[in-house]
There are 2 protein chains.
Amino acid sequence: MNAKIFIVEDEKSIITLIKYNLEKEGYKVSSSENGEEALKEIKESAPDLVLLDWMLPNLSGIEICKQLKKSAQYKSIPIIMLTAKGEEEDKVRGLNVGADDYVTKPFSYPELLARIEALLRRSKPSVAQDVISFEDLKIDRITRRVYRGKKEISLGPTEYNLLDFFIKNPKRVYSREQLLENVWGNDINVESRTVDVHVRRLRQAINIAGSKELIRTVRSAGYSLD
Amino acid sequence: MNAKIFIVEDEKSIITLIKYNLEKEGYKVSSSENGEEALKEIKESAPDLVLLDWMLPNLSGIEICKQLKKSAQYKSIPIIMLTAKGEEEDKVRGLNVGADDYVTKPFSYPELLARIEALLRRSKPSVAQDVISFEDLKIDRITRRVYRGKKEISLGPTEYNLLDFFIKNPKRVYSREQLLENVWGNDINVESRTVDVHVRRLRQAINIAGSKELIRTVRSAGYSLD
DNA sequence: CAATAGTGTTACAGTTTTATTACAAACCTA
DNA sequence: TAGGTTTGTAATAAAACTGTAACACTATTG
């Protein structure tokens with residue numbers, strides 16, 4: 001859910017803009033206009049993702065990136081570099097400071113958002129959590145109970161495993177083969193169409209009257225929780 | 001991720017080995033044992049990376065490399081030279097003719113893979129990225145969603161694949177044959193005019209009212225995303 | 001400007017893919 | 001072990017997508 005995002009950028013107007021939009025999206029946003037300060041604050045607040053301006057007073061974005069990426073503790077924090085158009089992307093990439101993605105200014109907000117989401121998806125799979133939720137769906141691995149809103153839902157073992165797998169990476173599309181491998185197990189010998197049937201059973205179970213469909217069919221690709 | 005790699009190598013056993021491994025990794029692999037043929041096939045199939053043996057019957061690897069690198073259209077394709085062991089001279093010459101990297105035989109497969117990945121990341125980020133965008137068009141390969149600006153666009157499988165292919169090399173013009181080969185698959189038997197229809201469908205889908213046309217028709221040559 | 005070659009557009013029949021259903025076998029659980 | 005659950009498959013229905021062909025249009029050429 002609402003991830004914490006840290007922005008390091010010396011142009012106030014950009015901070016304001018991004019912040020406003022990201023907060024609307026449900027993210028918690030902090031920021032700093034100063035490189036040195038930023039590094040300290042990042043270490044303190046442990047954000048889930050950092051937006052880092054390339055050019056900064058005091059300590060450059062490259063330097064912050066390097067520092068974070070060389071620290072075992074912080075290197076897993078994904079970093080998106082904001083670079084100006086003139087600053088030759090290739091050169092930036094070539095320097096290989098370990099940023100996870102780059103966005104060139106001026107950037108469109110939808111693009112930035114998409115990249116943020118892509119990175120968060122990749123770096124933050126809710127694997128180890130006891131209770132995971134997606135939208136109004138909640139799954140408690142300890143008690144093995146599933147809720148849609150406040151209502152408890154009863155699932156068969158396979159449907160439960162299927163949902164448990166989907167919810168680890170919401171929005172991600174999985175092929176039937178991937179689902180078979182991850183939910184049924186690698187060796188088992190089951191028709192791939194069987195997945196359809198279990199998806200149907202899962203859908204039927206979690207779709208309480210009038211509620212939104214949560215499983216998306218992607219033709220010729222598979223299914224996703226979305 | 002799903003990059004296409006072309007191998008030029010006269011030893012079948014090496015081809016088989018590399019191919020097997022790379023395909024396991026998710027790459028699409030084609031190959032040729034013959035220099036002259038290879039050059040033609042490379043130009044046709046538009047691979048994302050070429051593995052090039054140094055010594056070849058007919059046309060040497062150097063020559064192929066030179067030819068590709070002097071062509072504006074193909075010079076952006078990264079090339080890894082496979083050279084016999086430790087010939088420093090070769091290395092120098094290889095880099096002189098424009099190869100982007102080289103691996104000496106016998107090589108370890110992990111090393112080769114590492115170099116391939118490094119090169120793809122560096123020179124063709126669009127091949128490995130989760131989110132790719134061109135102008136205000138955006139495609140998310142993980143969720144398999146496509147956006148024009150903020151608006152989501154729904155595409156059928158073929159249109160999606162077509163766009164995914166175009167966006168890897170924006171502005172590059174592809175003939176109908178190249179598109180058939182890369183989007184439909186090598187063996188399939190489809191009229192080349194069918195491409196027109198799918199291009200039309202793609203155009204229709206991504207051209208939201210009042211927005212710029214993104215697919216360019218190049219008379220007697222093909223189409224490009226531009 | 002007419003002829004020609006190359007593209008755009010459309011409709012549609014056929015095909016592929018997915019949804020749904022029913023059912024027998026396997027599996028629990030009390 | 002009886003009685004209910006759960007499972008995988010196969011059959012059928014429904015939906016979505018595909019490729020082709022026919023015709024319309026547009027650029028190019030002499």
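Chain naming here is simple, since letters A, B, ... match the order of the sequence lines and numbering starts at 1 in each.
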A:I215 CD1 to C:dT20 P, straight-line distance once rounded to whole Å: 12 Å
Taking atom C1' of C:dG8 as reference, at what distance in whole Å does atom CG of B:D196 sit? 8 Å
Taking only Lys NZ, Arg NE, NH1 and NH2, and the carboxylate oxygens of Asp or Glu, determine whether A:K28 and A:D48 approach each other closer than 4.0 Å. no
Between D:dA21, C:dT18, D:dT18, spot the one nearest the side chain of B:V197, thanks. D:dA21
As a test of reading the structure: which of D:dT6, C:dT20, C:dT7 is closest to the side chain of A:P157, going by heavy atoms? D:dT6
Can you tell me which nucleotide in C:dT7, D:dG8, D:dT18 comes closest to the side chain of B:R193? C:dT7
Protein-nucleotide distance (B:Y160, atom OH; C:dT17, atom C1'), rounded to Å: 18 Å
Do the side-chain N or O atoms of B:Y223 get closer than 4.0 angstrom to the phosphate oxygens (OP1, OP2) of C:dG8? yes
How close or far is atom P of D:dT9 from atom CZ of A:R176, stated in whole angstroms? 14 Å
Is B:S220 near enough to C:dG6 that one of its side-chain N or O atoms lies under 4.0 angstrom from OP1 or OP2? no
Within the structure shown, what part of the strands sits under 4.0 Å from A:Q204 by heavy-atom distance: base, sugar-phosphate, or nothing? nothing
Rounding to an integer number of Å, can you tell me how far B:H198 NE2 sits from C:dT9 P? 15 Å
Separation of atom CG in B:L162 from atom P in D:dC17, rounded to whole Å: 15 Å
dist B:R200:CZ -> B:I215:CD1 (nearest 0.5 Å) comes out at 12.0 Å
Can you check whether A:F166 and A:F134 have ring centres sitting under 6.0 Å from each other? no
Give a yes/no verdict on a cation-pi contact between B:R216 and B:Y223, requiring under 6.0 Å between NZ or CZ and the six-membered ring centre and an angle within 45° of the axis. no
So does A:T194 get a side-chain nitrogen or oxygen closer than 4.0 Å to the phosphate oxygens (OP1/OP2) of D:dT9? yes
Hey, are B:D140 and A:R121 close enough for a salt bridge, meaning a charged N less than 4.0 Å from a carboxylate O? yes
Please report the distance, rounded to the nearest Å, between CG in A:N207 and C1' in C:dT20. 15 Å
Classify A:V195 by what it touches in the nucleic acid, base, sugar-phosphate, or nothing, heavy-atom distance under 4.0 Å. nothing
Given D:dC17, is OP1 or OP2 found less than 4.0 Å from the side-chain N or O atoms of B:T158? no
Phosphate OP1/OP2 of C:dT21 contacted by A:R200 side-chain N/O (<4.0 Å): yes
Given D:dA15, C:dA11, D:dG8, identify the nucleotide with an atom nearest to the side chain of B:R201. C:dA11
Hey, is the side chain of B:T217 poking within less than 4.0 Å of OP1 or OP2 on C:dT7, counting only N and O atoms? no
Tell me whether the OP1 or OP2 atom of D:dT18 has a side-chain N or O from B:W184 closer than 4.0 Å. no
Would you call B:K75-B:D100 a salt bridge at under 4.0 Å N-O? no
Atom CD of B:E213 to atom P of C:dT9: distance rounded to whole Å? 9 Å
Which nucleotide, C:dT21, D:dT20, C:dG8, lies nearest any side-chain atom of B:R203? C:dG8
With hydrogens left out and only the distance checked, is there a donor-acceptor pair under 3.5 Å joining A:R219's side chain and the base of C:dT18? no
The side chain of A:V190 is closest to which nucleotide in this list: C:dT9, D:dG8, D:dT28? D:dG8
